[in-house]
Amino acid sequence: MGSTGLYPNSNIEFHWCSSVKQIDVLEWETIFGKREIKSYNLFMAMEEAGFADVDYYYLKISNREKILSIIPCFGYRLDIIDLLVNKKLRDILNKIRKIAPDFLKLKTFVAGSYAATCEGFIEIQAETKEEYLEAKRIINLQLKEKGKELKSKFVFIKDVRENQIEKVKSILDENFCFFSSFPTTLIPVGGKYSPYPGGLRKKYRQRYKRFKKLFDNQFHWEIVPDFSQYTELLGELYFNVLRKAKNRFEVLNADFFANINKHFSGQSFLMVARDKESLEIRLMTIVLEEEDRLLPLYLGIKYKDDDTRILYLNTIFKTIETAETLGKELIEFGQTSYDPKVRSGAFAENIYYGFSSPEPFMQLVIKHIFKYMFMPPAIPSHSYMEDAGCEAVAKLRAKGFSV
């Protein structure tokens with residue numbers, strides 16, 4: 001089970017578990033609900049993938065009768081440059097790396113999911129104020145103690161969304177400083193301006209028609225519910241994208257994609273773009289399905305000279321059209337590639353990172369330097385006609401998003 005503790009004068013106990021398998025599924029769902037993107041099975045898929053140099057820890061807090069909190073965590077070596085938006089600063093750090101290759105590659109203890117989910121995992125489900133305050137105290141103490149135990153430079157709170165940031169700040173103490181990260185993107189589906197792209201301004205509807213025609217001349221789509229035979233190839237194509245990426249939030253593998261297929265049978269599918277003539281697979285993307293939304297997770301591409309933009313834009317278009325066919329209300333498209341996503345109908349919601357350090361010098365760096373390192377990227381204005389834009393914003397806000 002891992003370490004167990006009971007603080008003096010407290011009826012609330014905590015356990016550090018080394019695997020999600022040591023936690024009851026019903027307890028997990030009590031804290032995080034039944035969304036697939038925050039599910040027990042997603043953490044099973046990560047653990048079973050065997051990512052290199054990633055170790056898992058789960059802080060479980062209960063009052064002996066019921067669960068109060070579960071904080072999934074992991075330890076790894078964080079490369080700060082992978083989290084930076086500021087291009088000038090990235091360039092400076094890359095120059096320093098020529099002399100000191102390991103500069104700002106630091107051992108880090110992280111609260112959150114290793115695989116990108118754009119979701120935070122700092123939650124307390126307490127019935128009384130006393131339980132809440134005691135669970136909060138344990139979370140703050142134990143995250144810092146575990147970070148020290150693992151000799152981590154930082155305790156890093158990953159992916160807190162705009163609509164959760166004040167709640168998370170109220171749980172964590174003043175030693176945690178929060179900074180803007182890469183926003184996530186959302187596209188509402190359906191409504192008065194359905195089918196897509198009926199609500200977009202004219203130039204974006206024309207853009208859709210132009211690029212869809214180019215795609216249809218060269219490629220065709222396949223939707224694959226059971227993609228077990230494709231996971232090795234998806235792993236190869238994913239690494240093609242990863243090598244080109246300016247920001248690498250994590251490094252996954254083919255086993256993880258196979259585990260998504262295994263653990264999310266009926267809640268996931270693969271979108272495959274093939275060349276019409278050669279039948280060569282040029283693009284693949286895993287999509288997770290929830291009751292009211294689709295979540296494209298990871299993309300793989302076989303790059304050639306001049307058609308990557310056609311393939312990528314049509315991946316956005318096809319996901320929206322698939323969501324309409326399935327009767328979904330929105331798509332969560334995740335981080336980065338803001339220009340093509342926003343011009344295709346996406347809105348952005350801020351995401352934040354939180355940092356603390358057991359070392360006084362690093363805590364000063366967090367408080368006084370990180371605000372210049374973590375700055376939100378420029379996001380284009382939305383692509384909707386006025387009335388359609390108002391309807392889109394209202395739909396997303398009704399779902400709890402801060403757009």
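For this chain, numbers begin at 1 and follow the sequence in order.
Ion pairing between a basic and an acidic side chain is recognised when a charged N comes within 4.0 Å of a carboxylate O; E329 and R293 show no such pairing.
The neighbour count for K105 NZ, taken as heavy atoms of other residues, nucleotides or ligands under 6.0 Å away, is above 12. Atom NZ of K304 has more than 12 neighbouring heavy atoms from other residues, nucleotides or ligands inside a 6.0 Å radius. For NZ of K34, the number of neighbouring non-hydrogen atoms (other residues, nucleotides, ligands) closer than 6.0 Å is 12 at most. Counted within 6.0 Å of NZ on K38, heavy atoms from surrounding residues, nucleotides or ligands total more than 12; the atom is thus considered enclosed.
Residues S19 and E47 have side chains that bring a donor and an acceptor to within less than 3.5 angstrom of each other. With no hydrogens or angles considered, no side-chain donor-acceptor pair links N41 and S39 at under 3.5 Å. Donor-acceptor pairing under 3.5 Å is recorded for the side chains of Q164 and K167. Counting only N and O atoms by type, the side chains of Y352 and S181 include no donor and acceptor under 3.5 Å apart. With 3.5 Å as the limit, one finds no donor-acceptor pair spanning the side chains of Q22 and H15.
Separating the CD atom in Q125 from the CZ atom in F32 is a distance of 9.0 Å, to the nearest 0.5 Å. Here the NE2-CG distance, from H220 to L279, works out to 6.5 Å after rounding to the nearest 0.5 Å. Rounded to the nearest 0.5 Å, atoms OG1 (T117) and CE (M46) are 7.5 Å apart. With values rounded to the nearest 0.5 angstrom, I331 atom CD1 is found 8.0 Å from T322 atom OG1. The distance from atom CZ of F178 to atom CD1 of I157, rounded to the nearest 0.5 Å, is 6.0 Å. Summarising the geometry, atom OH belonging to Y196 is positioned 11.5 Å from atom CZ belonging to R205; distances are rounded to the nearest 0.5 Å.
A ring-centre distance under 6.0 Å is not found for F156 and F109. Between Y230 and F257, the distance from one ring center to the other does not fall under 6.0 angstrom. Centroid-to-centroid, the aromatic rings of F269 and F227 stay 6.0 Å apart or farther. Taking the six-membered ring for Trp and the full ring otherwise, the centers of F256 and F51 sit less than 6.0 Å from each other. Taking the six-membered ring for Trp and the full ring otherwise, the centers of F182 and F249 sit less than 6.0 Å from each other.
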Stepwise ring pair (Phe, Tyr, Trp, His ring centres under 6.0 Å) check, Y353 with F179: CA-CA 5 Å; Y353 293 148; F179 307 93; 9.3 Å; no
Verdict with supporting geometry, I139 and E123, side chain to side chain contact (heavy atoms under 4.5 Å, CB included): CA-CA 10 Å; I139 288 170; E123 300 277 356; over 6 Å; no
Steps toward ring pair (Phe, Tyr, Trp, His ring centres under 6.0 Å) verdict (F74, Y56): CA-CA 4 Å; F74 63 94; Y56 300 95; 7.0 Å; no
Side chain to side chain contact (heavy atoms under 4.5 Å, CB included) evaluation trace for Y58 with S18: CA-CA 6 Å; Y58 299 84; S18 58; over 6 Å; no
Check against side chain to side chain donor-acceptor pair (under 3.5 Å), D275 and Q218: CA-CA 6 Å; D275 185 283; Q218 299 175 253; 5.8 Å; no
Pair S383-V342, side chain to side chain contact (heavy atoms under 4.5 Å, CB included): steps then yes or no: CA-CA 7 Å; S383 55; V342 171; 5.6 Å; no
Test salt bridge (charged side-chain N to carboxylate O under 4.0 Å, His left out) applied to K158 and E119, step by step: CA-CA 8 Å; K158 188 180 178 189; E119 294 285 350; over 6 Å; no
CA sep, side-chain torsions, deciding dist, call: N240, R243, side chain to side chain donor-acceptor pair (under 3.5 Å): CA-CA 5 Å; N240 291 343; R243 281 189 287 268; 2.7 Å; yes
Worked check of side chain to side chain donor-acceptor pair (under 3.5 Å) between S344 and R207: CA-CA 9 Å; S344 300; R207 169 180 173 270; 3.3 Å; yes
Full working for side chain to side chain contact (heavy atoms under 4.5 Å, CB included) between L237 and I281: CA-CA 10 Å; L237 300 187; I281 292 176; 4.2 Å; yes
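A cation-pi arrangement is absent between K276 and F219, since the terminal nitrogen or guanidinium carbon is not both under 6.0 Å from the aromatic centre and inside a 45° cone about the axis. For the pair K60 and W16, the cation-pi criterion (under 6.0 Å, within 45° of the ring axis) is not fulfilled.
Between I23 and I70 there is a side-chain heavy-atom pair separated by less than 4.5 Å. The side-chain heavy atoms of C177 and F355, taken from C-beta on, include no pair separated by under 4.5 Å. Using a 4.5 Å cut-off on side-chain heavy atoms (C-beta onward), F264 and L288 make contact. Contact check for P72 versus Y40: no side-chain heavy atoms found under the 4.5 Å cut-off. L26 places none of its side-chain heavy atoms less than 4.5 Å from the side chain of W28. Using a 4.5 Å heavy-atom threshold, the side chains of C118 and I351 count as touching. Considering only heavy atoms from C-beta on, L283 stays 4.5 Å or farther from K302 through its side chain. Put simply, the side chain of D53 does not reach to within 4.5 Å of the side chain of Y76, judged on heavy atoms.
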